[in-house]
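The structure presented is a predicted model; accordingly, all values stated were derived computationally and were not measured. Chain identifiers are assigned alphabetically (A, B, ...) following the order of the sequence lines, protein sequences preceding nucleic acid strands; residue numbering begins at 1 within each chain.
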Amino acid sequence: MITEVGEPITVGVVFDPEQTLRPKWFVWNGRKYAIERVTFAWKVRDGQKLFYHFAVTDGANLYELTYDTSTLSWKLMAVSPM
Amino acid sequence: MSSGSDRLHTILHIDMDAFFASVEQRVNPALRGKPIAVCGANARTVVLTASYEARAHGVKTGMTVPEARAICRNLIVVPGDHTRYTDVSRRLLAIYQDYTPLVEVFSVDEAFLDITASLILFGSGEAIAAALKHRIRREMGLSASVGIAPNKILSKLGSGLEKPDGLVRIELRDIPMLLEDLPVKELCGIGPNLERALAEMGIRTCGGTGKGKHGTTGRPLWDHRPLSENHGARTGRPPRRPDRE
């Protein structure tokens, strides 16, 4: 069951020469989530804007994070149990 | 590559295996090895793609969700996300273009590659196809089936013969044996209407000669354009460089 969220979050990211952007943790509603693995990443263009999407897991749930390159901001888009 | 050339081409048809479902199984590891059906977002949706695990139960594209659930109790329905598939398709195109500029994107998960001029650089058609499959699996975690043939119709037929993760080469000399008993509907471009028209002529397989308005054709279907040796290379033109943005 996918829960749509769409809320701004704080994300800790490693800029990796091999993988460009690798989110390592994020804070949502005051709680810090450690990212165990990025399972999938993809890019979406919306007009002039470019968004990076990441499907990540903390081992228990799957989260979709989105990075808006025009505003340099992150959002948690959706959560689903694994 | 001149479209008027009579030289035989080497054409690859790459067809991603259970594309939408495979992408979703990459996104969510918990779905791997499970019967899933990728569907649209609205309530009255149909199955867009089923994973091979779901296909083993008979789940097919176009089924309604209730129909699919009725034959596969453990089916997991996943809403499709076309932004993912579009981005993967774009990345696949970049891989293809490392081997030839002559790529024709046929659909989001299929492409024709004219690798005739690439053989001297990368080796045989089989070597190029194997390299492409390996890169797709390594870089994207996805599998593809590839058909190799002198023209697009045969290469597309080949890619569908040993799915998933297939690699099939069809030579011109294979045509009679391969196509003799093949139902005409298996050929790309022959839809229900044409299939019906051919059936009225008595042609149900590619080896059937039938009887047309102008009398018996006398030649099996596979001996007609666009499958025959003389015209195969010009069938619908060989793959072309996609339009630049």
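When heavy atoms are compared at a cutoff of 4.5 Å, B:V88 approaches chain A solely by way of its side chain, counted from C-beta outward. A:R37 touches chain B through its side chain: at least one heavy atom from C-beta onward sits under 4.5 Å away, while N, CA, C and O do not.
Listed here is the closest heavy atom pair of A:A41 and B:R91: O-NH1, 3.0 Å. When all heavy atoms are compared, the tightest approach of B:V27 to A:A55 is CG1-CB, 3.6 Å.
Within a 6.0 Å sphere centred on CG of B:N74, other residues, nucleotides and ligands contribute 12 heavy atoms or fewer. No more than 12 heavy atoms of other residues, nucleotides or ligands lie within 6.0 Å of CD1 in B:I120, so this atom counts as exposed by the packing criterion. Residue B:K60 places its NZ atom among 12 or fewer non-hydrogen atoms of other residues, nucleotides or ligands, all under 6.0 Å distant. Within a 6.0 Å sphere centred on CZ of A:R45, other residues, nucleotides and ligands contribute 12 heavy atoms or fewer. Open room surrounds CZ on B:R73; 12 or fewer heavy atoms of other groups in view lie less than 6.0 Å from it.
Distance check, rounded to the nearest 0.5 Å: CD of B:Q25 to CZ of A:F40 gives 12.0 Å.
Here the side chains of A:I2 and B:P79 are in contact, with some heavy-atom distance below 4.5 Å.
Put simply, the residue from B:D81, B:D87, B:T83 that forms a side-chain hydrogen bond (donor to acceptor under 3.5 Å, both in side chains) with A:W42 is B:T83.
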